[in-house]
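Worksheet: the structure to be examined is printed underneath.
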Amino acid sequence: AFCLRKNFIKESFLLMCIHDKVEINMLKSHYYEELLEAGCDEAGRGCLAGSVYAAAVILPKDYDNPLLNDSKQLSVKLRYELRSQIERHAMAWAVGIVTPEEIDRINILKASFLAMHRALDQLAVRPQAVIVDGNRFIPYQDLPYTAIVKGDGKYQAIAAASILAKTYRDDYMEELALEYPQYDWQHNKGYPTSKHRAAIRLHGITPYHRKSYNLLGNDELTLHFRD
């Protein structure tokens, strides 16, 4: 018989040997005990540039990985190691993307939900319910759902989705940084750091910046568009 729990305990032990001082945060396995649920989370909502990403993940009922946690609480190396585990062992997973142009047109909250819907659309297995990080959600089709504040630190499927959304968006921003190195996206990933805003003041904005955002903070300078 396929012992998924045993496999994950073994993998987790090996990872703990690699990573000293890793905090073990035992998350709950499932919210809906009787339904096949997909966990959803987004990455990049507060960024000044780049698309917003979301992931949807369906984990097996006997899934148990003690290293899963909110992606923001994990080291970069551990995020990518866990991404590999999630992709190998999840029943289904997918990533949805909403572009800066779409964000400017519909607003970031609706864009975040749209990215989650796009991820759910791509799942090879249809879920029977959805759990989402946060305090609200736009219903997906006819499925029951629950929005859970800080859910990425409470439920494994949401934590897994947070890891996929974060790592795939980071990969995307590092690719954009090769095209526009002056904005330091390889480090700030599009978030509003002082270096990022200083580059906007100096060089203007790119096609990847979200024009509906307050790109310069409280400054009242004219923004110039870079082709």
Side-chain angles (χ1 to χ4, degrees), residues 38-58 67-87 90 92-123 130-134 137-138 150-153 155-193 195-197 199-200 205-213 215:
C40 291
D41 201 4
E42 55 77 27
R45 186 167 162 178
C47 295
L48 303 180
S51 300
V52 64
Y53 276 52
V57 180
I58 300 176
L67 290 183
L68 273 181
N69 200 355
D70 170 8
S71 63
K72 296 184 292 295
Q73 304 301 317
L74 304 172
S75 69
V76 173
K77 186 173 183 180
L78 186 52
R79 274 185 216 135
Y80 281 92
E81 289 170 344
L82 286 170
R83 182 172 89 176
S84 178
Q85 288 189 28
I86 294 161
E87 292 176 350
W93 65 271
V95 175
I97 302 168
V98 175
T99 67
E101 294 81 7
E102 292 175 299
I103 292 169
D104 288 335
R105 187 167 66 249
I106 66 175
N107 79 46
I108 186 58
L109 181 61
K110 292 178 181 176
S112 298
F113 297 149
L114 178 58
M116 293 181 189
H117 284 203
R118 287 176 176 173
L120 289 164
D121 285 341
Q122 297 176 69
L123 290 174
V130 179
I131 56 174
V132 182
D133 182 46
F137 182 60
I138 294 176
K150 297 184 179 178
D152 50 4
Y155 289 90
Q156 294 196 44
I158 301 178
S162 79
I163 291 167
L164 296 191
K166 170 65 174 168
T167 54
Y168 278 105
R169 188 179 187 280
D170 283 357
D171 292 346
Y172 155 76
M173 290 306 299
E174 288 178 12
E175 289 180 7
L176 294 188
L178 299 176
E179 186 177 356
Y180 293 99
Q182 59 269 45
Y183 298 93
D184 197 38
W185 289 339
Q186 69 272 26
H187 297 115
N188 62 49
K189 304 301 187 286
Y191 282 94
T193 62
K195 188 171 182 179
H196 187 179
R197 281 192 159 131
I200 294 172
I205 62 174
T206 72
Y208 301 107
H209 279 98
R210 302 174 185 177
K211 301 176 187 65
S212 58
Y213 276 46
L215 297 175

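Sequence positions, counted from 1, serve as the residue numbers for this chain. Just so we're clear, the structure is a prediction, and the values are computed from it rather than from any experiment.
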Would you give the length of the straight line joining atom [atom1] of [X] to atom [atom2] of [Y], rounded to the nearest 0.5 angstrom?
X: I163; Y: N69; atom1: CD1; atom2: CG; answer: 8.0 Å
X: I158; Y: D133; atom1: CD1; atom2: CG; answer: 6.0 Å
X: L74; Y: L78; atom1: CG; atom2: CG; answer: 5.0 Å
X: L215; Y: I205; atom1: CG; atom2: CD1; answer: 6.0 Å
X: F137; Y: I131; atom1: CZ; atom2: CD1; answer: 11.5 Å
X: R169; Y: M173; atom1: CZ; atom2: CE; answer: 5.0 Å

Donor-acceptor under 3.5 Å ([X] side chain, [Y] main chain):
X: S162; Y: D41; answer: no
X: Y53; Y: G44; answer: no
X: R79; Y: S71; answer: yes

| task | Determine, stepwise, if the pair L176 / T206 fulfils side-chain contact (heavy atoms from CB on, under 4.5 Å). | result | CA-CA 10 Å; L176 294 188; T206 72; over 6 Å; no
Between the side chains of [Y] and [X], is the shortest nitrogen-to-carboxylate-oxygen separation below 4.0 Å, so that they form an ion pair?
X: K150; Y: D70; value: no
X: R83; Y: D171; value: yes
X: K189; Y: E174; value: yes

Compare every heavy atom of [Y] with every heavy atom of [X], then report the nearest pair and how far apart it is.
X: A54; Y: S112; answer: CB-O, 4.4 Å
X: V57; Y: L164; answer: CG2-CD1, 3.7 Å
X: Y213; Y: R45; answer: OH-O, 2.8 Å
X: L120; Y: A38; answer: CD2-CB, 3.8 Å
X: A161; Y: G39; answer: CB-O, 3.5 Å
X: A165; Y: E42; answer: CB-C, 4.1 Å

| field | Given H209, Q182, H187, the one that forms side chain to side chain donor-acceptor pair (under 3.5 Å) with H196 | value | H209
| said: Is it the case that the side chains of Y172 and S51 hold a donor-acceptor pair, with the cut-off being a distance below 3.5 Å and no angle test? | reply: yes
| field | Which residues share a salt bridge (Lys or Arg N to Asp or Glu O under 4.0 Å) with E179, sequence neighbours left out | value | none
Just wondering, do [Y] and [X] contact through their side chains at under 4.5 Å, heavy atoms?
X: V130; Y: C40; result: yes
X: M116; Y: I138; result: no
X: V52; Y: R210; result: yes

| message | Could you walk me through whether L68 and I86 satisfy the side-chain contact (heavy atoms from CB on, under 4.5 Å) test, starting with their C-alpha distance in whole Å, then the side-chain angles of each, then the deciding distance to 0.1 Å, before giving a yes or no? | response | CA-CA 10 Å; L68 273 181; I86 294 161; 4.0 Å; yes
| Of the options I108, L114, N107, which is the one that meets K110 in a side chain to side chain contact (heavy atoms under 4.5 Å, CB included)? | N107
| query | Do the ring planes of W93 and Y168 sit parallel (below 30°), tilted (30 to 60°) or perpendicular (above 60°)? | reply | parallel
| Which word best sums up how the rings of Y183 and Y180 line up, parallel for under 30°, tilted for 30 to 60°, or perpendicular for over 60°? | perpendicular
